[in-house]
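See below for the structure under consideration.
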Amino acid sequence: MTGEGLMLQDNAASPGDEWVTPASAPTADEALYLELDGWEGPLDLLLDLARRQKVDLRQISILALVDQYLGYIERAEALRLELAADYLVMAAWLAYLKSALLLPREEQEDPSPEELALRLQLRLQRLGAMRDAAARLMARDRLGRDVFVRAAPEGLRIDRKLKWTCDWFSLVQAYGQVKARTAPAIHMVRERPVMTLESALERVSSMLGVTLDWMRLEEFLPPHAEPRLRRSALASSFVAALELARLGKAELAHDDAFGPLRLRRVRA
Amino acid sequence: MSERPDELARAIEATLFATEAPLTLAVLAAHLGDADPAQVRAALAGLAGHYSGRGIEIVERGGRWHFQTAADCAHLLRREREQVRRLSRAATEVLAIVAYHEPVSRAEIESIRGVQTSGGTLDVLMEAGWVRVAGRREVPGRPVIYATTPEFLQHFGLESRRDLPGIDDLRAAGLLDPVDEAYEAMALQQPEVADEEE
Amino acid sequence: MSERPDELARAIEATLFATEAPLTLAVLAAHLGDADPAQVRAALAGLAGHYSGRGIEIVERGGRWHFQTAADCAHLLRREREQVRRLSRAATEVLAIVAYHEPVSRAEIESIRGVQTSGGTLDVLMEAGWVRVAGRREVPGRPVIYATTPEFLQHFGLESRRDLPGIDDLRAAGLLDPVDEAYEAMALQQPEVADEEE
């Protein structure tokens with residue numbers, strides 16, 4: 001009963017006549033319409049039956065509708081048509097509703113059968129409204145059927161284009177740096193006052209010979225040297241001290257990190 | 001619209017003519033080199049007026065503008081038309097329910113139709129580009145809710161959902177309200193209404 | 001063309017708009033239900049006149065009629081959005097070398113720079129419109145040689161290449177002194193280190 005979701009490909013119907021419900025087909029013999037596949041469920045069938053009362057849905061007789069529906073189902077069963085369960089459930093419920101509506105008033109349950117009938121009517125109105133709305137929607141001027149857009153539009157495009165920029169100074173500076181980088185460079189070493197390792201070795205070992213006491217490394221440096229010679233002398237004297245220690249001619253003492261380095265002669 | 005359109009109108013004509021998809025006012029204005037949207041809107045209105053009654057028209061659908069052929073010229077064009085999607089009856093009804101009730105959950109669709117809706121039906125509508133998932137309803141179970149798309153409005157020639165056929169009447173008649181609400185409203189207004197049935 | 005086109009003109013508009021390819025007069029007339037070709041021709045002439053000066057036009061090309069965007073609106077279909085990008089260091093160097101040494105081959109550029117130059121660098125300079133291929137050098141291998149363009153001079157505000165500062169100017173500006181540069185760089189990194197020692 002749910003032939004849903006299928007896209008019908010045939011092109012036979014005219015605009016706005018997208019489908020033909022069994023009950024709305026123009027023939028008088030209801031027996032021909034016992035093909036229930038045409039309805040989208042029992043509510044849909046009820047709606048079709050209600051429409052056949054040819055009155056406003058707000059004024060339909062629920063009792064008459066119930067009789068029509070039950071009659072329908074009976075005939076379908078007599079013809080041994082297979083009925084989906086939800087149609088039978090609806091039939092049972094409608095039979096109950098009918099009996100409740102006809103029963104004497106005293107022992108009415110809640111909700112009352114009148115309420116149930118009214119609710120059914122409201123539902124039918126809503127479904128009817130949507131069915132009409134669908135038909136009117138389908139009958140509109142539809143794109144690709146009634147109105148057309150261009151078959152092969154050129155389309156709009158936005159191309160991103162890079163715009164390069166550079167300034168005069170960057171250009172000139174770049175050239176300067178290329179030239180600077182690749183120009184044959186002449187390296188000149190400036191003359192600097194230095195104390196060579198040889199002279200430091202000589203100086204330290206000769207001064208060590210004078211005493212057996214510990215002496216600080218700085219005491220071995222030339223006393224009035226200019227700063228740059230003094231730095232060189234410090235480095236050379238330090239290496240000389242290490243060398244003398246390695247040769248076993250001196251011993252070094254260094255009490256704490258970054259503290260003064262002391263050395264003295266090893267007794268022969 | 002005079003016989004000699006101004007430069008903005010000409011640019012809009014050319015752009016709408018060439019575009020592959022309908023353009024919103026904002027996109028159109030941006031494409032025209034950041035034109036003033038108010039001016040573009042005015043020019044569009046002028047152009048729509050100029051083309052009204054011609055063989056091609058400039059129309060607004062869901063906030064997007066495009067050129068299309070006049071509906072009454074359809075018979076000429078039908079032979080070369082593309083195949084328009086034909087919907088099953090179920091799909092058509094579901095589409096109408098989504099359009100008139102949006103946003104709407106599947107349970108709400110089913111309660112109106114009185115029948116289960118197969119997932120395939122909504123899939124077909126979404127594949128056609130007419131229905132989209134519009135989020136979830138913040139109630140227990142957080143059901144997915146559905147709504148229509150701008151393509152839906154384009155396809156059915158609607159400027160906006162307010163143009164849905166008969167929507168004002170349906171709303172006024174309460175036919176877009178759930179049965180429960182409608183029943184309670186009726187019960188409050190005329191307590192005896194149920195008795196009239198007999 | 002009046003404001004209210006007749007039915008034939010409307011039909012022609014719709015057909016020409018929706019067609020995939022331009023139509024000959026004969027095909028168009030047949031399509032319009034075997035209309036009189038003479039009337040169709042007259043209506044086409046009227047329509048061409050109506051659209052003349054608008055953003056879209058009806059034109060005949062090689063016996064076939066179609067709608068098209070007005071030529072002076074064509075730029076709207078393909079807009080360019082410029083993105084400004086600074087030239088990379090390598091590209092600036094290559095550009096400077098081309099400017100100072102033109103015409104110059106890629107091998108010469110590399111030998112002046114002292115590093116390999118990727119082909120992409122020259123492509124960028126040509127894309128920027130500042131460098132062009134100026135022929136081939138008549139030496140073995142016939143290498144391509146490059147030179148600057150008038151746009152180059154314009155961009156950098158130069159009347160001619162002779163306005164580029166000479167080597168002497170560069171030297172005077174301190175741009176050519178590798179020793180100084182190296183010394184300064186060192187001095188900047190460790191300024192007082194020697195004095196702290198004492």
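Note that the coordinates shown come from a computational prediction; the quantities given were computed from them, not determined experimentally. The chains referred to below are lettered A, B, ... by the order of the sequence lines, with proteins before strands, and numbering in each begins at 1.
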Take a 6.0 Å sphere around [atom1] of [X] and say whether it holds more than 12 heavy atoms from other residues, nucleotides or ligands.
| X | atom1 | answer |
| --- | --- | --- |
| Arg41(B) | CZ | no |
| Arg161(C) | CZ | yes |
| Arg132(C) | CZ | yes |

> What residue pairs, at least two apart or across chains, pass salt bridge (charged side-chain N to carboxylate O under 4.0 Å, His left out) with a residue in residues 14-32 of chain B?
Replying inline: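 Listed by first then second residue: nothing to list.
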
> Which value, rounded to the nearest 0.5 Å, describes the distance between Leu76(C) atom CG and Phe17(B) atom CZ?
Replying inline: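 So the CG of Leu76(C) and the CZ of Phe17(B) are separated by 13.5 Å.
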
> Roughly how far, to the nearest 0.5 Å, is OG1 of Thr15(B) from CG of Leu77(C)?
Replying inline: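 Spacing of CG (Leu77(C)) from OG1 (Thr15(B)) equals 6.5 Å.
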
> Sub-3.5 Å donor-acceptor pair from the side chain of Arg10(C) to the main-chain atoms of Gly53(B), do we have one?
Replying inline: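 The answer is yes, because a donor-acceptor pair under 3.5 Å joins these two groups.
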
> chain B contacts: which residues in residues 58-70 of chain C have a non-hydrogen atom closer than 4.5 Å to it?
Replying inline: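 Only Phe67(C), Gln68(C), Thr69(C), Ala70(C) of residues 58-70 of chain C have a heavy atom under 4.5 Å from chain B.
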
> Considering heavy atoms only, which positions within residues 100-109 of chain C lie below 4.5 Å of chain B?
Replying inline: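 Against chain B, none of the residues of residues 100-109 of chain C fall inside the cut-off of heavy atoms under 4.5 Å.
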
>> For chain C, which candidate among Thr19(B), Leu16(B), Asp72(B) shows the most heavy-atom pairs at distances under 4.5 Å?
In response: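 Heavy-atom pairs under 4.5 Å are most numerous for Asp72(B).
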
>> Which residues in residues 143-150 of chain B have any heavy atom closer than 4.5 Å to a heavy atom of chain C?
In response: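 Contacts with chain C: none.
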
> When only pairs under 4.5 Å are counted, which of Gly55(C), Ala74(C), Ala11(C) shares the most heavy-atom pairs with chain B?
Replying inline: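 Of the candidates given, the most pairs with chain B belong to Gly55(C).
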
>> Could you go through Arg54(C) and His50(B), starting from their C-alpha distance and side-chain angles, then the distance that decides it, and tell me whether this counts as side chain to side chain contact (heavy atoms under 4.5 Å, CB included)?
In response: CA-CA 12 Å; Arg54(C) 300 195 69 89; His50(B) 170 78; 3.3 Å; yes

> Which answer fits Ile12(B), side chain, backbone, both or neither, if we ask what part of it has an atom under 4.5 Å from a heavy atom of chain C?
Replying inline: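 Neither part, no heavy atoms under 4.5 Å.
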
